[in-house]
Asker: 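I'd like to ask you about the structure that follows.
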2 protein chains.
Amino acid sequence: MEMSSKLLERAVAEISQLPGIGKRTALRLALHLLKQPKEQTEHLTEAILKMRDDIQFCRECHNISDVEVCEICSNHSRDKSIVCVVEDIRDVMAIENTGLFKGIYHVLGGKISPIDGIGPSQLNIPTLVEKVKNGTAKELIFALSSTMEGDTTNFYIYKQIKDCDVVLSAIARGISIGDELEFADEVTLGRSIIHRVPFENSLKNH
Amino acid sequence: MEMSSKLLERAVAEISQLPGIGKRTALRLALHLLKQPKEQTEHLTEAILKMRDDIQFCRECHNISDVEVCEICSNHSRDKSIVCVVEDIRDVMAIENTGLFKGIYHVLGGKISPIDGIGPSQLNIPTLVEKVKNGTAKELIFALSSTMEGDTTNFYIYKQIKDCDVVLSAIARGISIGDELEFADEVTLGRSIIHRVPFENSLKNH
């Protein structure tokens, strides 16, 4: 896309490097900023730069945090022996929104994915294994998405701790509450029949 | 959306002020930047800030430009008596891509839209009227989108120059080349019959 201004062209090129944003959307965003007061652009760029420069990760669970130990890890009413293994902060926010989990989290920062060039060394796996080996964590709940990458990551961690004294579980997969059976995919439906639960249990937390 | 970091929360709030970007997309973009090297964020924010600070508008046509008079206006082979009236730089780029227009442009910078709080005073209309009154422009081609706002803007300009010695035209509306008649909307199809062109003319520029 050739433009009458190199400044605009460069800004569009940089914006369109963000995931899910093409050249056209980038141009729309740039023109929007040009129409707004200069302060909006300054606030936007300052907030992004400050976030990138000053962000910290919790020493315990590796979640994004403004302090050395995050609110969840420093909360004494949470059970530190139950650790939920998740990919990133979005999963933490989703589970926290349910209000049903009283343990703590361990944020891996991604999933093993050779295609994207992400190996185990880039993830926060050693500290998790350490928590299991020194006995702090008594139960791990795997809550990664059930994709090839998620399963690989779960299995990689499992191999390193399978001889330890730790309970391993994975979040239940099945038909969403409110969903119609006829529209469910076969794999999910099949698993939800094999992993059926006693009827009395299914009445809980409704 | 409550987050474990105020820095992240502020960045997400600023990003989600951009048009078409909600909180979830903003969070995805922020997490993406956190995973990339710090340089990418620096390049991105610097390019945006520099664009906002240093961008210029062509003195003649008000298009975005890095110099005082843009390439199109300073090109001696272009016919300065034919002026195409457009909304913004995207329209200029679209028409330039056809390679069929040899006149110059006049970028209004928007359309009259009371709902969005845009009145005639915010648009580059006086300089256009001046071009007509002093005889520089001998033909105006209205190329705004055919919405209520576009029509209002065209009519507002028309009222101010209707007594001047100037040819006024509007781009042709009709069925797109390659489109099926059965899927065309009635208004476009109706107009394309009323404004039919001699068959010999329809063979041109194929």
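The sequence lines fix the lettering, A, B, ..., with proteins before strands; numbering per chain opens at 1.
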Asker: When only pairs under 4.5 Å are counted, which of A:Ile72, A:Val92, A:Ile89, A:Asn97 shares the most heavy-atom pairs with chain B?
Answerer: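 The option with the most such pairs is A:Ile89.
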Asker: Heavy atoms only, distances under 4.5 angstrom: which of A:Glu46, A:Lys35, A:Glu96 has the most pairs with chain B? Name it, please.
Answerer: A:Glu46
Asker: Need one label for B:His32: side chain, backbone, both or neither, based on atoms under 4.5 Å from any heavy atom in chain A.
Answerer: side chain
Asker: Counting only heavy atoms from other residues, nucleotides and ligands, does the tally under 6.0 Å from CG of A:Asp165 exceed 12?
Answerer: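 Not buried by this count: 12 neighbours or fewer within 6.0 Å.
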Asker: Measuring only between side-chain heavy atoms, which start at C-beta, is B:Arg10 closer than 4.5 Å to A:Met51?
Answerer: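 Side chain of B:Arg10 against side chain of A:Met51, heavy atoms only: no contact under 4.5 Å found.
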Asker: Can any side-chain N or O of B:Ser4 pair as donor or acceptor with the backbone N or O of A:Ile64 at less than 3.5 Å?
Answerer: yes
Asker: Side-chain contact test, heavy atoms from C-beta onward, threshold under 4.5 Å: evaluate it for A:Arg52 versus B:Thr45 and give yes or no.
Answerer: no
Asker: Do other residues, nucleotides or ligands put more than 12 heavy atoms under 6.0 Å from the CZ atom of B:Arg191?
Answerer: no
Asker: Would you mind checking which part of B:Ile21 comes under 4.5 Å of any heavy atom in chain A, side chain (CB onward), backbone (N, CA, C, O), both or neither?
Answerer: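 Just the side chain, heavy atoms under 4.5 Å.
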Asker: Do you know which of B:Pro37, B:Gly20, B:Gly110 has the most heavy-atom pairs under 4.5 Å to chain A?
Answerer: B:Pro37
Asker: How long is the gap from CZ on A:Arg90 to CZ on B:Arg28, to the nearest 0.5 Å?
Answerer: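 Result: 7.5 Å between the selected atoms.
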Asker: Measure the spacing between CD of B:Glu42 and CG of A:Asp53 and express it to the nearest 0.5 Å.
Answerer: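 If I round to the nearest 0.5 Å, the distance is 6.5 Å.
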Asker: Rounded to the nearest 0.5 Å, what separates atom CG in A:Leu44 from atom CG in B:Leu49?
Answerer: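 Reported to 0.5 Å precision, the distance equals 8.5 Å.
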Asker: Indicate the atoms forming the closest heavy-atom contact of A:Ala47 with B:Glu14, along with that distance.
Answerer: CB-CG, 3.8 Å
Asker: As an exercise: rank A:Thr25, A:Asp54, A:Ile48 by heavy-atom pairs under 4.5 Å with chain B and give me the winner.
Answerer: A:Ile48
Asker: Among B:Leu18, B:Ile15, B:Thr41, B:Leu34, which residue forms the greatest number of heavy-atom pairs with chain A at distances under 4.5 Å?
Answerer: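 Of the candidates given, the most pairs with chain A belong to B:Leu34.
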Asker: Quick one: of A:Gln56, A:Gln40, A:Glu71, who has the most non-hydrogen atom pairs under 4.5 Å with chain B?
Answerer: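 Most heavy-atom pairs within the cutoff with chain B belong to A:Gln40.
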Asker: Can you measure from CD (A:Gln17) to CG (B:Leu33) and round to the nearest 0.5 angstrom?
Answerer: 10.0 Å
